[in-house]
Amino acid sequence: MEGEARALNFIEQKIEADIAAGKHGGRVHTRFPPEPNGYLHIGHAKAICVSFGLAQQYGGKTNLRFDDTNPEKESVEYVNAIREDIAWLGFEWNGGEYYTSDYFQQLFDYACDLIGKGLAYIDDQTAEQIASQKGAPGTPGINSPFRERSPEENRRLFEEMKAGQCKEGERVLRAKIDMAHDNMLMRDPVIYRIKFVDHHRTGNDWVIYPMYDFAHGQSDSIERISHSLCSLEFENHRPLYNWFIQALGIYPSEQTEFARLNLNYTIMSKRKLLRLVEEGVVDGWDDPRMPTISGLRRRGYTPESIRVFADRVGVAKRNNTIDVSLLEWSLRDDLNRRAPRVMAVLNPIRLRVLNYPEGETEMLTTVNNPEDESAGTREIPFGRELWMEADDFRVEVNKKWFRLAPGRTVRLKSAYIVEYADHVEDEHGNVTEVHVNYIPNSRSGQDTSGVKPKGTLHWVAAGQADEAEVRLYDRLFREASPEADGDFMDALNPNSLEVLKGCKVEPSLAQAEVGTVFQFTRLGYFTLDSKYSKPGSPVFNRAVTLKDGWKG
RNA sequence: UCCCCGAUGGUGUAAUGGUAACACACCGGUUUUUGGUGCCGUUUUUCCAGGUUCGAGUCCUGGUCGGGGAACCA
């Protein structure tokens, strides 16, 4: 169990102190509370790993709670996508699945309790009037003329609001706290508003909806959440969170805030991601270039790599910007150990082995994964006519060039050593064919030739190759901070998608299934696209390149 | 202008008054039938000024810089 002694982050330290002090009966019960108004992204993945991970670590439970208090922006499409993404990441909401809307009646009763205690009142003013009385940081606000209404009148009016007898915007319920408070959120915040909008779960049962601040802490409390973890932006809300719990005398859940994840070359705002989708810049929420969990999944990211990434990023209170290279490293590190190696040629040109008998083929054995002996071996066909990568041949080269060129000798991966014979160019000077001679006693595994070429090339037998489309992705933005200045749309990378048709892949790939990620030898990690791939006409997405150490 | 939070290599995160470390990135070497992987190594760090202390990244005071805060959003 013991592992190496890893340093605890500040939340782990608090949890251990709480357990030691017997707080919350020594329980650790967390929750992940998304609003179902968009798709989850890599930033949420960190939050998920933190809340679920901590509970797991301390033998506790985690609830999934949909924070659905604003029916205008929410839908079941999002609810389902969120469920799928969390499950795919490998987490189970073993504390249960809840909806803030399940608590609408309870929340209404809490509000009545506050009214009864003289701690809430109905305000008949407009949003503008209320805003103008709020004051400003450093300047106190002024009390609403409706602030001293009696509990009886407030109660009657609140019931009228609930019964649909008031128009939208006509009245709100406000907590009665302190219009001169240093924390603007404590200046009599609105806690209920009227919305004649159908809710995706409660339909038209309700026309009044609680605000976030009046719902969140109470929901935590109802579920007896011990550690309510959220991002730094809610620090200013904590006093309110605690005020409601205390005023109501309910279970004292505790909120702790940590820094959310930021990634360079990426945007993380749901609103902005929605704009990319709506304006057709990307192919939906799950476009492989999107930082959404569904996009990363379609791209070829594994749940393990995302969890390792979240772990490496750490948990602290300072704002951060993580290098995307850490995300990519997490994927490569995972896939290097697990991904089956196959050969594919993305920009094919003819490679003819002049001294190999015409019409003859042979099967060669190659390992599926040099990092994992248990992955076994497979057979690949070899013959006189092959495909090679256009980039692997150059006419003019220097001594750093390890690949094929006039006068050069290379190894064909898992096959033979071949030496340049000649090549064919078209009228534009593009090389269309390369001709070589092979060394018969250099066969892979049985090489007695004594020849030691520097380079090894991937290849595919022309007669047996399958055709595939391959999609290469680059970062969506060319600016490290797309939101830094001006419109983030101006920072888009115009070359974030490159579609390659007519790629040649080895025949074993005909059995490829969605969800398996392959290493195309020397090229990177690729997976079948779940949206566009069809039997017989495969489409592969490049998840990430291999690290390229070539400085040529 | 007021309140809250933060500040450690290029990027993150640790060090809990006692030798500033780990990962990613970068650079170099080595191994290699993937210019991948592995292995070895180099470079680079405590915001500023005072104070407490035998000793301060850590505690105190003041400052500077950065983030958040005045939605009938979450």
Side-chain angles (χ1 to χ4, degrees), chain A residues 6-9 13 33-35 37 67-70 72-74 123 126-127 130-132 134-141 168-174 181-187 189-195 208-209 211-213 215-216 230-239 257 259 264 270-271 309 311-330 332-333 336-337 341 343 366-367 370-371 400-403 410-415 417 442 444-445 447 452-458 519-524 545-552:
Chain A
R6 184 174 69 88
L8 301 180
N9 66 49
Q13 291 176 28
E35 182 186 15
N37 69 342
D67 208 351
D68 53 353
T69 58
N70 185 0
E72 279 168 44
K73 301 197 287 179
E74 300 156 4
D123 198 326
T126 63
I130 292 174
S132 72
K134 204 105 196 186
T139 318
E168 246 175 66
E170 197 174 51
R171 294 190 225 271
V172 290
L173 182 68
R174 292 226 258 167
H181 201 106
D182 282 334
N183 182 338
M184 298 294 294
L185 290 166
M186 298 293 272
R187 322 251 261 225
V190 171
I191 59 177
Y192 261 96
R193 77 292 213 191
I194 299 166
K195 274 183 197 286
I208 57 173
Y209 292 95
M211 299 286 290
Y212 166 84
D213 284 305
H216 204 93
C230 63
S231 51
L232 252 26
E233 43 188 317
F234 292 100
E235 268 177 323
N236 293 322
H237 294 250
R238 179 157 25 98
E257 311 85 10
N264 57 14
K270 271 192 204 175
R271 208 187 79 248
F309 171 71
D311 197 52
R312 292 306 175 105
V313 159
V315 178
K317 293 192 72 162
R318 48 199 279 228
N319 299 309
N320 59 71
T321 304
I322 310 294
D323 273 357
V324 280
S325 62
L326 182 62
L327 217 211
E328 296 177 342
W329 170 83
S330 306
R332 290 193 191 105
D333 187 53
N336 177 50
R337 277 184 297 250
R341 272 62 169 174
M343 291 205 279
T366 185
V367 299
E371 303 295 316
K400 285 180 169 172
W401 181 261
F402 294 174
R403 288 118 97 151
V410 298
R411 154 84 57 187
L412 295 181
K413 174 75 181 168
S414 297
I417 294 170
S442 68
S444 189
D447 184 358
K452 298 288 176 202
K454 276 201 157 154
T456 301
L457 307 187
H458 60 279
Q519 184 191 109
F520 287 4
T521 298
R522 296 212 302 140
L523 297 175
T545 60
L546 252 29
K547 191 172 152 194
D548 188 0
W550 184 44
K551 306 293 188 300

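Below, all heavy atoms of this structure are taken into account, side chains as well, without hydrogens, waters or symmetry copies.
- The same atom, P, is picked in B/rC22 and in B/rU45; the two are 16 Å apart, to the nearest Å.
- Between A/K195 and A/N320, the residue anchored nearer the 5' end of RNA chain B, judged by the nucleotide with its closest heavy atom, is A/N320.
- B/rU37 and B/rA74 have their P atoms separated by 47 Å, given to the nearest Å.
- Among the atoms of the strands shown, base atoms are found under 4.0 Å from some heavy atom of A/K400.
- When heavy atoms are screened at a 4.0 angstrom cut-off, A/H181 is found touching no nucleic acid atom at all.
- In this structure a side-chain-to-backbone donor-acceptor pair under 3.5 Å is missing from A/D68 to A/E74.
- Between A/E257 and A/R238 there is a salt bridge, since a side-chain N of the basic residue sits under 4.0 Å from a carboxylate O of the acidic one.
- One finds a salt bridge joining A/K317 and A/E235 here, because a Lys/Arg side-chain nitrogen approaches an Asp/Glu carboxylate oxygen to under 4.0 Å.
- Remark: RNA chain B forms stems of 3 or more consecutive Watson-Crick or G-U wobble pairs, all pair distances under 3.5 Å, at B:2-7 with B:64-69, B:10-13 with B:21-24, B:27-30 with B:38-41, B:47-51 with B:59-63.
- B/rG36 sits 35 Å from B/rA15 when the P atoms are compared, rounded to a whole Å.
- Side chain of A/R411 to main chain of A/S442: a donor-acceptor pair is present (N/O by atom type, distance under 3.5 Å, no hydrogens or angles).
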Any N/O pairs under 3.5 Å between the protein and nucleotides 21-30 of chain B? List them or say none.
{"residue": "B/rA23", "atom": "O2'", "partner": "A/R312", "partner atom": "NH1", "Å": "2.8"}

